[in-house]
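One structure below.
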Amino acid sequence: MSFLFSDIEFLKGVGPVKGEALRNELGVKTPMDLLEIYPFRYVDKTRFQKIKDLKPNGDIALIKAQLISLEKIKGKTNRQRLSGLVKDESGLLELVWFQKIKIIEEILVPGKEYIIYGRTNTYGGKASIAHPEIEEYQQDIAMHQTLDPVYSSTEKLDGLGLDSKGRRRLIKAILEKISERDIGENLPDELLTTLKLPSRYQSMVWAHFPSNENEKNLSHNRIKFEEFFFLQVQMLYTKATRKQNLKGLTFGTVGEIFNQFYGKYLPFELTGAQKRVIREIRTDMGGGKQMNRLLQGDVGSGKTIVALLCMLLAIDNGFQSCLVAPTEILAQQHYTTITGLVKDLPVKVAFLSGSVKGKQRREVLEQLESGEIHILIGTHAVFEEKVVFAALGLSITDEQHRFGVAQRAKMWMKTDALPPHILVMTATPIPRTLAMTMYGDLDVSVIDELPPGRKDIITVHRYESHRMQVIGFMKEQIAAGHQIYVVYPLIEESEALDLKDLQQGYERLLQYFPRPVYQISVVHGRMKQAEKDFEMDRFIKKITHIMVATTVIEVGVNVPNATTMIIENCERFGLSQLHQLRGRVGRGAQQSYCLLMSGDKLSHDARKRIKTMCETNNGFVIAEVDLELRGPGEIDGTRQSGVTSFKMLNLIKDQKIMVAARNIAQQVLDEDPELLHPKNIRIRNYLKSIQKPGSNWALIS
Ligand code: ADP
Ligand code: MG
């Protein structure tokens, strides 16, 4: 067993206590694990600022100074703070802590010199820094370089001396024990030469201890490239292998049902994009291989009809289909739409969700198993084990990002014959790099065209002070025969508060829109299903003018006569959620509007979200901004798919590297699909070494 993969406890300077902390806090079990946790920034010691030059303006400051004193002070509100006075050759600066006082007190020693990093602010008129990153300055560890690595840490680790300083020492010790040979190269030489990338070993050394910016950049490029390259090789390999090996059902015929529907009952001419996508899907399902396809299309682009046509194809070929939606309301809407569309055809459609119980449920399950039901529409209750199909041929999931990828695999288990074709539909356009990461093993179809006659939704931002104007506008819209949504945020932590907001808003609306002239519906998550359905139904039937709701209506709901979306407390919604909500209007031919209501106090990010919404209706543009603002970890579904677990790669900043890595991975596999060529031996061996038992891409034997 190589030293790099031995127990971290046995590394000199670690031992059982620190070993356990490293395992628990960082998941570090071996020296290699520790090496692969890279610095999140570097301190450039040639760039220390002078205290006298600091301005209390929120800028980042980096100084080297001596700690003069450290004392606890009781503030006016009885809140304790820890105040540290530091001094360099130019002046004095106060450091302040409101939290973790005890531990800071233990670590810092007056008289010693520290490197201090943080944002300046004003505290009593002078510049100060609250909760700075701080570490002891040491000449000897400098190793002649100007950039010192800074590692993310935790209170626990700091307390055990495993802060950046301590970690540097451990990493230095590890690096001293190994050489080029221990960190086996995993990329072909040819590739390293063309891409001008340093070796794997060199990159690791430079990533921790670069002696200049250039070394740092080169090593980062290499590590990021490697991370994404191997992910892409795995995904593309899986995709290719699946295509090659996994036999699928052949939907060879376009039959009676499809043709009848297409000829007689299709309510509108399909858009070019819809036609193209259906062709892509048909080719896929007819080729004898299992389809695994992602269908991306902005809200309102008409994915439902595409789904239906595919399901009709399945019927023509003797198979059942299921269409799964993330919420009950959406599933029911699909059910209503689709039963309506096929009512004159011999197609049996059924509904299944958690709320379908007893006799009704038994009947659905029986008819599914007997094959009587052609199309099953429902929530993820459809994925339950008890649900058995006679011949499932096509599984469609709507708004996939809410499920995560796990369910995708589940549908495969539903049959011991050939697996069903899989179509995943998402209305949240996914930025290209994220799509490559999350869905890199799928084929992708895009509906990039809206049905004709759609007008861009006019979006404006209004403050509370505009309330009367807004009410006036609502009255005009209602007078013109249109309907209105008023949506309140619903965030789990403060559900009670949110409901109060909604309740108050509703009561206020009742004053301006009195019965019986006006009718208002209310729908929120705390209501019983039957009540929700009743209210939804009244709105769909145009009995009510205004629908006051929480985000339960977010996805998919389709009421073309609703032309105005008013989003209350819009600053509390994420960007993609705002876009989804806005997508509830603009579904008919009339001009539609989205009014974003907010309070006066807005954070920088909230402003940017609102501005973006007012500026564009393009879901792809919005998705990019959203990714930029929130970071990939917060985008729905990303956590499950593991895209946040990169060691160094940043999905937003490293798009160029990602695209290059994806393209090169594709080239390598195009040339050598099984990675058998001698020049690809390193790639192959490395993949084998990281292959987890049972992982589904692990097909390289
Ligand atoms: P989404 O892609 O958001 O699921 P839907 O399938 O709900 O969109 O379609 C949105 C609206 O557009 C529906 O009212 C649907 O009937 C209508 N629609 C879809 N395709 C077309 C088309 N080709 N021409 C006209 N209207 C269409
Ligand atoms: Mg939809």
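Model, not experiment: these values are computed from the prediction. Counting starts at 1 for both ligands and their atoms, in listed order.
Heavy-atom contacts of Leu270 reach the following atoms of ligand 1: 23 (N) (cutoff under 4.0 Å). Ligand-side atoms of ligand 1 in range of Glu269: 22 (C), 23 (N), 24 (N), range being under 4.0 angstrom from any heavy atom. Atoms of ligand 1 found under 4.0 Å from any heavy atom of Ser301 (numbered from 1 in listed order, with element): 2 (O), 8 (O). In summary, the atoms of ligand 1 found under 4.0 Å from a heavy atom of Arg587, numbered by their order in the structure, are 3 (O), 7 (O), 10 (C).
In this structure, Arg454 is part of the shell of residues with a heavy atom less than 4.0 angstrom from ligand 1. Using 4.0 Å as the threshold, Gly297 has no heavy atom nearer than that to any atom of ligand 1.
Residue-to-ligand polar distances place Gly300 within reach of ligand 1: an N/O pair is separated by less than 3.5 Å. For the pair Gly302 and ligand 1, the shortest N or O to N or O distance falls below 3.5 Å.
For Thr271, heavy-atom contacts with ligand 1 shorter than 4.0 Å involve the backbone as well as the side chain. Counting heavy atoms closer than 4.0 Å to ligand 1, residue Gln333 contributes nothing at all. Looking at Met425 against ligand 1, nothing comes within 4.0 Å, counting heavy atoms.
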Atom pairs and distances, side-chain donor-acceptor, residues 279-286, under 3.5 Å, sequence neighbours left out:
| from | atom 1 | to | atom 2 | distance (Å) |
| --- | --- | --- | --- | --- |
| Glu280 | OE1 | Ser445 | OG | 2.4 |
| Thr283 | OG1 | Arg279 | O | 2.7 |
| Asp284 | OD2 | Arg293 | NE | 3.1 |
| Asp284 | OD2 | Arg293 | NH2 | 3.4 |

With a cut-off of 3.5 Å and sequence neighbours excluded, list every side-chain donor-acceptor pair involving residues 297-308.
| from | atom 1 | to | atom 2 | distance (Å) |
| --- | --- | --- | --- | --- |
| Asp298 | OD1 | His579 | NE2 | 2.8 |
| Asp298 | OD2 | Gly619 | N | 3.0 |
| Ser301 | OG | Asp298 | O | 2.7 |
| Lys303 | NZ | Gly297 | O | 2.8 |
| Lys303 | NZ | Asp298 | O | 3.4 |

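When every heavy atom of Tyr512 is checked against every heavy atom of Lys475, the shortest pair comes out as O-NZ, 3.0 Å.
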(request) Let me see the working for Lys239 and Asp443 under salt bridge (Lys or Arg N to Asp or Glu O under 4.0 Å), right down to the final yes or no. (result) CA-CA 8 Å; Lys239 181 171 153 185; Asp443 291 306; 3.5 Å; yes
(request) For Tyr485 and Phe539, run ring pair (Phe, Tyr, Trp, His ring centres under 6.0 Å): C-alpha distance rounded to whole Å, both residues' side-chain angles, the deciding distance at 0.1 Å, then the answer. (result) CA-CA 10 Å; Tyr485 293 104; Phe539 190 65; 5.2 Å; yes
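Applying the 6.0 Å contact sphere to NZ of Lys608 captures no more than 12 heavy atoms from other residues, nucleotides or ligands.
Distances from atom 4 (O) of ligand 1 to the heavy atoms of Thr337, Thr304, Leu330, Ile447 put Thr304 nearest.
Ring pair Phe473/Tyr593 is perpendicular by interplanar angle, where above 60° counts as perpendicular and below 30° as parallel.
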